[in-house]
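Below: the structure, in structure tokens.
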Amino acid sequence: AAIQAMKANRTWYVPTLMAFTGLRDRIGKNVYTPVVEAKAREAMAVWGRGLREAHRAGVRIAFGTDSGVFEHGRNGEEAELMVRLGGMTPREVLVSATTGAAELLDISRETGTLEPGKSADLIAVDGDPVSDAGALRRVGYVMVMGKPIAMK
């Protein structure tokens, strides 16, 4: 019912699957009490299910990471999780990270696509992110507002 309401109201779904990686990495390592460990295992059993169901139903999806809950620099892993757990194609993930995120944030007049007059914000990766979401973990070049800020 919630997914149908999201679709009917054109609500955005931002999965932030990376937020669960810390949980996944600590299960079975005596970090959590037995009660918390059991709850963690229950959560991990349905990891990605909401995204998968929302995607199938045609809910609008925007890329997001909750990057404060894991080490910085790992946010590209979100793309792979969206493919593996959510059933999205790498192309759909790219759209969610560019035009989708810009539309959600109401900044699509400024960014989200490469067009004259918009901020030239882009990355170059090793590989083809249209067919391999893992390429987004191999960033070799970053440009923000038309200025290079990081190169391999």
Side-chain angles (χ1 to χ4, degrees), residues 2-3 5-7 9-29 31-32 36 40 43-152:
I3 288 172
M6 290 179 78
K7 184 170 172 142
N9 289 290
R10 297 192 34 80
T11 302
W12 286 93
Y13 187 102
V14 182
T16 62
L17 299 169
M18 278 295 292
F20 289 90
T21 58
L23 187 63
R24 176 201 62 202
D25 295 347
R26 290 170 182 84
I27 289 176
K29 295 184 178 169
V31 173
Y32 303 120
V36 172
M44 296 309 298
V46 296
W47 188 26
R49 189 171 103 194
L51 172 58
R52 190 170 49 255
E53 292 179 13
H55 175 253
R56 278 189 202 140
V59 172
R60 298 184 308 166
I61 298 167
F63 191 98
T65 63
D66 267 356
S67 63
V69 297
F70 56 86
E71 299 83 6
H72 287 279
R74 292 181 59 191
N75 54 322
E77 292 175 45
E78 179 79 10
E80 292 173 293
L81 292 171
M82 291 170 77
V83 169
R84 184 168 54 85
L85 300 175
M88 296 177 69
T89 67
R91 179 182 293 280
E92 289 170 326
V93 171
L94 288 174
V95 169
S96 78
T98 55
T99 57
E103 187 179 337
L104 168 62
L105 296 171
D106 196 25
I107 58 173
S108 58
R109 288 178 305 281
E110 304 160 31
T111 191
T113 57
L114 294 175
E115 297 178 60
K118 288 189 176 183
S119 182
D121 302 328
L122 59 93
I123 61 172
V125 300
D126 295 330
D128 179 6
V130 174
S131 61
D132 173 18
L136 295 177
R137 291 190 301 125
R138 300 182 299 273
V139 176
Y141 178 85
V142 177
M143 178 182 281
V144 176
M145 297 178 69
K147 294 181 178 23
I149 63 164
M151 290 178 271
K152 211 179 205 178

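Just so you know, residue 1 is the first one in the sequence shown, and it goes up from there.
For Ile61 against Trp12, the heavy-atom pair with the smallest separation is O-CZ3, 3.6 Å. In plain terms, the two heavy atoms of Met145 and Ser119 that are nearest each other are CG-OG, 3.1 Å. Scanning both residues, Val83 and Pro90, for their nearest heavy atoms gives CG2-N, 3.9 Å. The minimum heavy-atom distance linking Ser96 with Met82 is given by the pair OG-CE, 3.5 Å. Between Ile3 and Ala57, the closest heavy-atom pair is CG2-CB, 3.4 Å.
In this structure, Leu51 and Leu85 have side chains that are not in contact, with every pair of non-hydrogen atoms separated by 4.5 Å or more.
Considering only residues two or more places apart in sequence or on other chains, Leu136 meets the side-chain contact (heavy atoms from CB on, under 4.5 Å) condition with Ala79, Leu94, Ile123, Val125, Pro129. Applying the salt bridge (Lys or Arg N to Asp or Glu O under 4.0 Å) criterion to Glu110, with sequence neighbours excluded, gives no partner residue. The side-chain contact (heavy atoms from CB on, under 4.5 Å) test applied to Ala97 returns Phe63, not counting sequence neighbours. When the side-chain contact (heavy atoms from CB on, under 4.5 Å) test is applied to Leu105, the partners found at least two apart in sequence or on another chain are Ile107. Every side-chain contact (heavy atoms from CB on, under 4.5 Å) that Thr89 has, sequence neighbours left out, goes to Arg91, Glu92.
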Could you list the donor-acceptor pairs under 3.5 angstrom formed by side chains in residues 14-29, with sequence neighbours left out?
from, atom 1, to, atom 2, distance (Å)
Thr21, OG1, Met18, O, 2.8
Arg26, NH1, Gly22, O, 2.7
Lys29, NZ, Asp25, O, 2.9

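To the nearest 0.5 Å, the span separating CE on Met88 from CZ on Arg52 amounts to 13.0 Å. The distance from atom CD of Glu103 to atom CZ of Arg10, rounded to the nearest 0.5 Å, is 6.5 Å. For the atom pair CE of Met143 and CG of Asp121, the computed distance is 9.5 Å after rounding to the nearest 0.5 Å.
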>> With side chain to side chain contact (heavy atoms under 4.5 Å, CB included) as the criterion, how do Lys118 and Thr111 come out once you've worked through the C-alpha distance, each side chain's angles and the decisive distance to 0.1 Å?
In response: CA-CA 6 Å; Lys118 288 189 176 183; Thr111 191; 5.7 Å; no
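In this structure a side-chain-to-backbone donor-acceptor pair under 3.5 Å is missing from Asn9 to Thr11.
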